[in-house]
K.L.:
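After the structure tokens below, expect a handful of questions from me.
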Amino acid sequence: MKTSQIVLSLFCLMALSLSSCVKDSLDNPTTPNPDGGEDPNPTEIPIEELEITELQIPSGFEFATEKQVSLTINDNTPGVKYDVYAYNDEVVQGPAITLVNDEGEEETEIDISVDNLNHLIFSGSPSGGTIEHTFAVASYFDKLYVRRKEGASYSSSILTINSETVIYTYSPQSSKRISTGKPMVEDYLYCVNGSGEMFQIDPITGDYTFISDMPMGSWTAAIDQENKLLYSIGRSKPNPLMKYDMVNDTWTTVANLGIGGPRLDYNKNDGLLYFSTGDKLYSIDPQNGSILSNWKINGLHKKNGGDLAFSEDGTLFVCSFSGLYRLDPDANGDFDAIRISGQDLPFDPTSMTFDSNNELWLANNGASSNLIVMDTQTGGWEYRYGPNSNTGVNFNRTINDLTTLRVFDEVTIDPDTDGDGITDSNDEFPNDAEKAFEQFTPSKYGWGTVAFEDLWPFLGDYDFNDTAVNYRFVAVLNADNMAVQLDIHFEVTSDGAGFTNAFGIELESISPSLIESVTGTVLTEGFINVAANGVEQGQNRAVIILFDNNETMLKVPTTVSVKFTTPITTNQLGLAPFNPFLIVDGDRGKEIHLPNRFRTTLGVNDTTVEGINRDIDGNFQTDTGLPWAINIVHAFKPPKENIPVNQAYNFFNEWASSGGASYQDWYKDSTGYRNESELQD
């Protein structure tokens, strides 16, 4: 709110007949009658049309968009790692998308939007058989996705959040295979699809576990078993060759191939990728994406769809929509396609892979794919998983390609470089013995926002753009899952104020003496006094002022790091964004907090102000329940100046009036949720 608007607002606030420039009709809730008195039959206004000051806010509602969860994981297995995500199992099917492959053929699939691995909350390994963390998730999440990694094997569970406390106890499965005297090996099917999902299927149980979101959706996948690398080609131009490091959980782009299609496998005998589309076969150097050779495939009855796969003895098989073929070299240096099975296949195959038993798995690319197993000698097949099987296992997603990772029962060398008890493949900080894992708020890649109205204790215009701060808090944890450091990533995204405002957080359960150092704060105005360790002086609890001039911080990404003198539990650390507050116009005592949060030691509640004090009790809510600050566990796009938040966000009224029960995700960019013309650019 700019200075000229502040003067006008204060004038309006001091006038009895116009108690605010923003209509606050809850002070006079009846409908005027032209003849005097109250209208005996007032017209009920639809809730979505109410002014923000007309809303009936339920008693006790604090405008929270998040909820607290305490999770305990019990697992005595050494060397395992857990990743925990806030989970939404909704799969949104979009329109059919038609792409043209390198042969000029159209290929169509359903575009699917998913939200599986976008909300990583924390990673960790059990210490003494247990992981215990307390964290916040958006109110609309009612599940947690718990992914367990043991060596190269993944498994997962979906936990329902029925209360603040969630407990998960791992129960090991019985041995899945009986020893035959050969080296023990377990197969895992890796699957990719055009929606950018990569997931692992246990061929014994049909259980599937999400592994990663891909940089681009794909129809192809191939694994370099020895180096634990998965290769995939992006489904659209420029068709990047993407490489996934299974040990370090990272994606890189090798090169842009410029050609796309459905078939890919890795040949362990020469270390090359083999790629096919139509009746063409290519070899590709996985190191740089160079196309080394190309051949023609003769004898395919249909040239579209399918996949290719090398058997254990090096024989190359190809399938297309006309069935399965073995490729034999011909006299001209090309390949002849020898049909093995065709018309009796139950579907048009789009992917296949061999397992360690030399059984061939094939899948189609339906909205919920089927998996069959085929014998390459007889051409016989059977349904194994999917809607047409009798197992009851459905994946409810598309499989556009399959490949196999073989996990052998042998000692795998996974070093522990820093000696903290966490092997390098599970350690986020393999070279630092004091650090191992991370906990994120709101998530690893997400942002939250704290937004303020800075005219407190007077009524503002409720555009929540006076100062808005995007944040991501990262608690750095040691091998015992204790916090040793807190990294605060933030950016001021809106400065609609005419004041010079400061922003800080209070760690309510942390004394100043528990802070070893604070680095990265931006304090230029001279009214914040800090101790040698970087916390604000004169405070009973640890207070960190991130900046003292919101104008200079606009659109400036910044990180503040807080190191603790001794490791603390995440429960003691508290829930981010902790106790955030605004200091208004250089007046150190004038703090604005979230509803019903305590001032810091230096905060002052001065009720002797000129005009109408809307917060006599000092709980940072008006008598009708409206706040001066709101925390949104999502990147919030503030309204334009003088546009109340309920005019910019269509379901804010329903959410507030229901006490947070309805439209818990009112702030998201979902269809019909926002009026973009009323939001800041």
K.L.:
Measuring from atom CD of Glu654 to atom CH2 of Trp666, what distance do you get when rounded to the nearest 0.5 angstrom?
P.N.:
12.0 Å
K.L.:
By salt bridge (charged side-chain N to carboxylate O under 4.0 Å, His left out), which residues pair with Lys268, not counting sequence neighbours?
P.N.:
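Here the qualifying residues are Glu312.
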K.L.:
Listed by chain and number, what are the salt bridge (charged side-chain N to carboxylate O under 4.0 Å, His left out) partners of Glu226, not counting sequence neighbours?
P.N.:
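Salt bridge (charged side-chain N to carboxylate O under 4.0 Å, His left out) check on Glu226 returns nothing, list empty.
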K.L.:
Run the salt bridge (charged side-chain N to carboxylate O under 4.0 Å, His left out) test against Asp83 and tell me which residues pass, sequence neighbours left out.
P.N.:
Arg147
K.L.:
What residues, two or more places apart in sequence or in another chain, satisfy salt bridge (charged side-chain N to carboxylate O under 4.0 Å, His left out) together with Asp75?
P.N.:
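Listed in chain order: Arg148.
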K.L.:
Using a 3.5 Å cut-off and no angle test, enumerate the donor-acceptor pairs between side-chain atoms of residues 469-476 and protein atoms at least two apart in sequence or in another chain.
P.N.:
unit_1	atom_1	unit_2	atom_2	d
Asn470	OD1	Thr449	OG1	2.7
Tyr471	OH	Asn631	OD1	2.6
Arg472	NE	Lys444	O	3.2
Arg472	NE	Gly446	O	2.9
Arg472	NH2	Tyr445	O	3.0
Arg472	NH2	Gly446	O	3.3

K.L.:
Before accepting this row, confirm whether a basic side-chain N of the pair Arg541/Glu506 lies closer than 4.0 Å to the acidic partner's carboxylate O.
P.N.:
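Yes.
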K.L.:
Decide if the gap between the ring center of Phe503 and the ring center of Phe581 is smaller than 6.0 angstrom.
P.N.:
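Distance test on ring centres: not under 6.0 Å, no.
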K.L.:
Does the ring centre of Phe210 sit less than 6.0 Å away from the ring centre of Tyr145?
P.N.:
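When the ring centroids of Tyr145 and Phe210 are compared, they turn out to be within the sub-6.0 Å range.
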K.L.:
Centres of the Trp655 and Phe63 rings: under 6.0 Å?
P.N.:
yes
K.L.:
If you look only at pairs with a residue in residues 355-370, which of them pass as a salt bridge (charged side-chain N to carboxylate O under 4.0 Å, His left out), with sequence neighbours excluded?
P.N.:
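The answer is none; no pair qualifies.
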K.L.:
Can you establish whether the number of heavy atoms outside Lys563 located under 6.0 Å from its atom NZ is more than 12?
P.N.:
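Not buried by this count: 12 neighbours or fewer within 6.0 Å.
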K.L.:
Output, in order, the C-alpha distance, side-chain angles, deciding distance and verdict of salt bridge (charged side-chain N to carboxylate O under 4.0 Å, His left out) for Lys435 and Glu428.
P.N.:
CA-CA 8 Å; Lys435 303 174 182 177; Glu428 297 294 331; over 6 Å; no
